[in-house]
Amino acid sequence: MAAYKVVITDYEYKSLQVEEDILSELNVEFVRAQCRTEEEVIAAAHDADAILNQYAPITKRVIDSLTRCKVISRYGVGVNTIDVEAATAKGIVVANCTDYCLDEVADHAMALMLSMARKVALLAASVKRGVWDYKRGVPIYRLRGRVLGLVGFGRIPQNLARKAAAFGMRVIAFDPYATKEIAAEFAVELVDLPTLCRTADIVSVHAPLTQQTIGLIGREQFVLMKREAFLVNTSRGPVVAEEALIEALRQGLIAGAALDVLEEEPIRPDHPLLSFEQVIVTPHVAWYSEESEQELKRKVARNVVDVLSGYFPAYWANPQVKAALALKRKP
């Protein structure tokens, strides 16, 4: 009989071999599920010792139903699918992976920025329709000397700041938790959000999704932005108020937007954002490369093995639960 039951609530990967190999270090029953609702998660995981989670809801109701769970490990940086407060109150470690796609997301944001600045998607689509005319992309501005405004200044936007600097851009950032010392290390000026919106030629969103950041970029911010400014979002969809963005595009308050994340995913075929030729939408792919996917899978599974083996995980979102747990540092 297996010593532990580990349930993966949902997944979109072709293979779980990486997870199986790491979990095989313990005597584990590995249960694969494809849950979409609270009820399905409760049915699959109520007696699990550990949970791997991608998108399925791990709400307070789900957490209250867990009888043996010691750790919930999420595929990703954000833990917005999990009621972290409820898990902490129950003494459950909430683990994640904060460093698996630093280059990928920064590279994707840079690719979206370049595509918007050079009107790549718009002009490519125009050529495919038989129109060979550079004036379809007018106006295009030189990137060197332009101002990139970073909303959030964690490790991914820090990475992006260095890439943007190589293109000759000036970089500013809004992040109430960033220090002047870390900003100086990247030659970035810290400003408040209104100043960033008024100053930036490209606004790139990197804030985590919390109660405080829902709708952080909304009507008030769009009104402040330059009419030739672009918005890029590779963080979480709800950080940008979608209806306000649609109205800003309709009214010409900004020049365009490039979005890898949306309030609801996948996007509906009739979604208004798809009707704007100055909008690029990619399918929440900024995190992905072959290397980052394998790294994510390894680290998420390793979190589970560490906790079930009596060790603190390398990554966790609720370190305040430490005092309640009889875990030790891994040698």
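Since this is a predicted model, take the numbers as computed values, not measurements.
- In this structure, Arg227 places its CZ atom where more than 12 heavy-atom neighbours from other residues, nucleotides or ligands lie under 6.0 Å away.
- Side-chain atoms of Ser204 do not come within 3.5 Å of backbone N or O of Leu150 as any donor-acceptor pair.
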Requested in this report: Assess whether side-chain hydrogen bond (donor to acceptor under 3.5 Å, both in side chains) is satisfied between Ser126 and Asp133, documenting all intermediate values.
Outcome: CA-CA 8 Å; Ser126 179; Asp133 184 0; over 6 Å; no
Requested in this report: Check the pair Phe153 / Phe186 against ring-ring contact (aromatic ring centres under 6.0 Å, His included), numbers first and verdict last.
Outcome: CA-CA 10 Å; Phe153 197 57; Phe186 292 88; 5.8 Å; yes
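- Remark: Asp49 engages Lys70 in a salt bridge, criterion side-chain N to carboxylate O under 4.0 Å.
- Glu19 has no carboxylate O lying under 4.0 Å from a charged side-chain N of Arg302, or vice versa, which leaves the two without a salt bridge.
- In this structure, Gly218 and Ala241 approach most closely via the heavy-atom pair CA-CB, 4.0 Å.
- The CG atom of Leu253 sits 12.0 Å away from the CD atom of Gln221 when rounded to the nearest 0.5 Å.
- Relative to the six-membered ring of Tyr311, Lys328 meets both conditions, a distance below 6.0 Å and an angle of at most 45° to the axis.
- Taking both residues in full, the closest heavy atoms of Gly154 and Asp175 are given as N-OD2, 4.1 Å, listed atom of the first, atom of the second, then distance.
- For the pair Asn318 (side chain) and Val94 (backbone), a donor-acceptor distance under 3.5 Å is present.
- A donor-acceptor pair shorter than 3.5 Å can be found between the side chains of Asp192 and Thr195.
- Figure legend: cation-pi geometry between Arg146 and Tyr141, with NZ or CZ positioned under 6.0 Å from the six-membered ring centre and within 45° of its axis.
- A salt bridge links Lys299 to Asp99: one of the charged nitrogens lies within less than 4.0 Å of a carboxylate oxygen.
- Taking the charged nitrogens against the carboxylate oxygens, Arg136 and Glu277 do have a contact shorter than 4.0 Å, which makes a salt bridge.
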Requested in this report: Begin with the C-alpha distance, continue with both residues' side-chain angles, and end with the deciding distance and a verdict on salt bridge (Lys or Arg N to Asp or Glu O under 4.0 Å) for Glu185 and Lys180.
Outcome: CA-CA 9 Å; Glu185 181 182 336; Lys180 290 182 179 178; over 6 Å; no
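- Closest approach of Val304 and Ser73 over heavy atoms only: CG2-CB, 3.8 Å.
- Thr9 places no side-chain N or O within 3.5 Å of a backbone atom of Ala33 that could act as its donor or acceptor partner.
- Below 30°, between 30° and 60°, or above 60°: for His284 and Tyr55 the angle between ring planes is between 30° and 60°, a tilted geometry.
- Judged by distance alone, with hydrogens and angles left aside, the side-chain atoms of Ser275 form a donor-acceptor pair with the main-chain N or O of Pro272 at under 3.5 Å.
- Salt-bridge formation is not detected for the pair Arg236/Glu263: no Lys NZ or Arg NE/NH1/NH2 atom is positioned less than 4.0 Å from an Asp or Glu carboxylate oxygen.
- No chain of hydrophobic side-chain contacts below 4.5 Å, direct or via other Ile, Leu, Val, Met, Phe, Trp or Tyr residues, connects Ile51 to Tyr11.
- Listed for the Thr282 side chain is no donor-acceptor partner under 3.5 Å among the backbone atoms of Val285.
- Across all non-hydrogen atoms, the minimal contact from Ala44 to Val7 is O-CG2, 3.4 Å.
- Look at Lys5 and Glu29 and you find no salt bridge, because none of the NZ, NE, NH1 or NH2 atoms lies under 4.0 Å from a carboxylate O.
- Panel note: side chain Lys90, backbone Lys60; no donor-acceptor pair is recorded below 3.5 Å.
- Checking side-chain atoms of Asp201 against main-chain N and O of Phe230 turns up no donor-acceptor pair under 3.5 Å.
- The shortest non-hydrogen separation linking Ala173 to Val188 is CB-CG1, 3.7 Å.
- Side-chain contact, Gln251 with Glu247: a donor N or O sits under 3.5 Å from an acceptor N or O.
- Summarising the local packing, CZ of Arg118 is surrounded by 12 or fewer heavy atoms from other residues, nucleotides or ligands at distances under 6.0 Å.
- In terms of heavy-atom proximity, Thr98 sits nearest to Tyr315 at OG1-CD2, 3.5 Å.
- For Glu85, the CD atom counts as loosely surrounded, since its 6.0 Å shell holds 12 or fewer non-hydrogen atoms of other residues, nucleotides or ligands.
- Side-chain N/O atoms of His271 and Glu264 include no donor and acceptor closer than 3.5 Å.
- At a threshold of 4.5 Å between non-hydrogen side-chain atoms, the residues Arg36 and Asp10 count as touching.
- Side-chain atoms of Asn233 and Asp260 include no donor-acceptor pair closer than 3.5 Å.
- Below 30°, between 30° and 60°, or above 60°: for Tyr13 and Trp287 the angle between ring planes is above 60°, a perpendicular geometry.
- Rounding to the nearest 0.5 angstrom, the gap separating the SG atom in Cys101 from the NE2 atom in His108 is 11.5 Å.
- Classification of Glu295 and Arg298 as a salt-bridged pair fails, no side-chain N sitting under 4.0 Å from a carboxylate O.
- Note that CG of Leu249 is 7.0 Å distant from CG of Leu273, once rounded to the nearest 0.5 Å.
- With salt bridges taken as basic N to acidic carboxylate O contacts below 4.0 Å, one links Arg170 and Glu189.
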